[in-house]
Each structure stands twice: as structure tokens, then as C-alpha cells.
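Please read the structure below before turning to the comments.
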2 protein chains.
Amino acid sequence: MPPKQPATAAESGASPWDEAAERIRASGFRWTPQRRTLVEVLRAREGHVTATELIACCRERDQTTTPSTVYRTLDLLEDLGLVKHGHGHDGHEEYHILPQQVHGHLYCVGCGATWEIRPETGAVIVEALASQLGFTVDLSHVTISGRCAGCHD
Amino acid sequence: MPPKQPATAAESGASPWDEAAERIRASGFRWTPQRRTLVEVLRAREGHVTATELIACCRERDQTTTPSTVYRTLDLLEDLGLVKHGHGHDGHEEYHILPQQVHGHLYCVGCGATWEIRPETGAVIVEALASQLGFTVDLSHVTISGRCAGCHD
DNA sequence: ATCGCTATTGCAAAGGGTTGCGATAGCAGG
DNA sequence: CCTGCTATCGCAACCCTTTGCAATAGCGAT
């Protein structure tokens, strides 16, 4: 009996990246080797990556990779919703890969660790700004600094 | 009858900047013309400033101002608590002048405006991270992005 | 007033990120 | 398969910020 349906996209091997080429072309853009390289790199990773890391990974696959092209392709992928950019604690670019659940980040100035803000916790923050100011927060863009439980002076 | 006591530091003309030179020297650092220039610029402003603006203002008073010196002096002033740095929505450096009450910032991606997060609102956020994760937030370092009440699609 | 110690400066270079522009190359159509 | 339109590329230049280093100059002591 062959498997009817894969339980999840991950198990089936199918991923949003498979559609990337199609979606790009469907939007009137072109499917180029440079974009292919970046998509392959992104497909192999998850979570967060800095732009610098991505450029390095692309260069492993293609020595001729240029930063400007990577940044421009990332902008395009962001328009398609495949990545989302934000700023780390030091202000550098950071990309969320396949942002299924929006989440923010915490950075501990004591130990340098980072955590994702859990949905429940994020909700409280979003809620507070929404009800008090009518402001709709995009938590994912930001890294909040502070000290974690283990680093209090 | 001479005035007994000024009602506030602001009315008396006294300001934390008056002590800047003293405090710098008391800490074993030197009071240089370059530092004097930056302190004068900061004394004349309030709220937030970008590093680039500060450099421009310093150069108005002293054509020979160098960026690296301004950045280094800002670091020093931050150690003394006279300014506090953070990152704007685009990741660029921003300085809070005389941070008496710690506050974060909101940036609207719709209209580009920024607001300070009021203490009550900030408290909710700080509280949420503290009670749920034991994380002590430094709100002042961050600019949170989103859409304000007037910019909802 | 001079001396010496060393904090500070200015420069130059480097890294991250963005942008304008001429040359290249997708891709739709013939 | 060839052609042409134009999206995309790679380059060079620029802005912001940081850092190493040699030269300068505070400032406390003589």
C-alpha cells in the first residue's frame, strides 16, 4: 500500500522552495543561475541567517557570487514571502527563512545568547501596543536586548 | 533677596552637561577640544539623534571633526550615562540624549513616523518578558516596527 | 615652565549594506 | 533557431561604523 498523503510538507520532501522558480516567473521575473544558487542555499537551512552568512554560502557553490545580487534577490524573495528580514542586536541584517510563525528575538547582553520570543509572550506585547495605541506590531523585524535569567549582574 | 534655589535644573540653566568635563576627568579621562565640541552639540539638543547628524553638527563648529573620534566619544559618554545608543528601524545608530526615563520607540512602516513608547505601555512589555522568561528587557535599545492606527492598509 | 606618561587623535583600511549604470542574458515571439 | 525587449548582473562608488597604528597632546608631577 503506497503512502496516500505525506503527513507534512517536510516529510514528503516538498517545500515552498520547489515553487520558487515558478512563482518568480509567474510574477514576471526571471529565473537566473544566481537566484537558483541562493534558493538552494536557503532550502538547506532554517531559522535565521545573516546576510553575510548567506553570501558566504553562495560563494561556496558559486565563486562568482556578488553581494549586491544576493541582497537584491533577498528583497525579491521577501516580496514573495519566502524570507523576512530584520535587524540583529547590532543592527546587522538578519533573515528569517520561511517565516511560518512570526516571532521576535531576544538578545542577552550578558552572555550573547539569543532566543525566540514564544508566541504566547509575543502575543502579550502585540496586544499591549494594539489596545493602548492602535499600533500593529511587526515583531519579527526586531531583536530586543536585555539580560536573561542567568545573567543578572 | 537672591534666589534661594532654582525650581528645576532646566530653569536654573544647570544641566548634567556642566559636569561632563569634571566627570570625564574624575574617571581618569582627558578633556579635549573634540570632546568639548560634541558635548556642546549634545547640550543644544534633546531627544534622539543619529550619529550622522551629530557628526554633521560637530563639523559645523569644527571643520576638522573626524567620525571615528565622535563615535569613540559617544562610547565614553554612554559609559558615563549621558547618552544611550540604540538602533533605528533601518539598523543605523541612534542616540538618546540624557536618558532620564528609559523608553523604547515605535516606527510606522506606513508613514515613517516614530513615537516613544509611553512608560505604562513599556511596563507591560517589560513585565511580560520578566515574568514569563525572567528576562530583563532594555527597551531603550530597540525600535519596534509596525503600522500605526492611521496606516492600516 | 618643563617633562614624561599614556589617553586620545586622525588617518587609512576594512566590513556591512546600498545604489547607479553599462553590459549581459532570460525568455517570449516569430 | 534567431531576434528583441528588458529584467538582471557585476562593477565601482558611496555611506555608515569599527579598528589598528603611529603621532599628538592632556595633565600631573618636578
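Residue numbering restarts at 1 for every chain, and letters A, B, ... go by the order of the sequence lines.
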Atom-to-atom span, CD of A:E93 to P of D:dC16 - whole angstrom: 16 Å
Whole-Å gap separating C1' (D:dA25) and CH2 (B:W31): 16 Å
Separation of D:dC9 P from A:I24 CD1 (nearest whole Å): 10 Å
Within one Ile-Leu-Val-Met-Phe-Trp-Tyr cluster: A:L82 and A:L74, side-chain cutoff 4.5 Å: yes
5' precedence on DNA chain C between B:T64 and A:R25 (nearest-nucleotide basis): B:T64
Touch class at under 4.0 angstrom, heavy-atom based, for A:Y71 against every strand present: base
Exceeds 12 heavy-atom contacts within 6.0 angstrom, atom CZ of A:R59: yes
A:I55 CD1 - C:dG16 C1' separation (whole Å): 8 Å
Value in whole Å for how far the P atom of C:dT8 lies from CG of B:L38: 14 Å
Short side-chain N/O contact from A:Q34 to OP1 or OP2 of D:dG10, under 4.0 Å: yes
Presence of B:T52 side-chain N/O under 4.0 Å of D:dT17 phosphate oxygens OP1/OP2: yes
Basic-acidic side-chain contact under 4.0 Å: A:D138, B:R147: no
Over 12 non-hydrogen atoms of neighbours within 6.0 angstrom of CD in B:E120: yes
side-chain N/O B:T32 vs D:dG26 OP1/OP2, d < 4.0 Å: no
A:E94 CD - C:dG16 C1' separation (whole Å): 14 Å
B:T66 side-chain N/O to C:dT9 phosphate OP1/OP2 under 4.0 Å: no
Short side-chain N/O contact to C:dT8 OP1/OP2 from B:R35, under 4.0 Å: yes
Exercise: do B:T121 and A:Q132 side chains pair donor with acceptor under 3.5 Å: yes
Residue met sooner reading DNA chain D from 5', once B:Y95 and A:D62 are mapped to nucleotides: A:D62
Sugar-phosphate only, base, or nothing, as touched by B:S68 at under 4.0 Å among non-hydrogen atoms: base
Any donor-acceptor N/O pair under 3.5 Å between D:dG10 base and A:R72 side chain: yes
Whole-Å gap separating P (D:dC27) and CZ (B:R30): 7 Å
Protein-nucleotide distance (A:L74, atom CG; D:dC9, atom P), rounded to Å: 12 Å
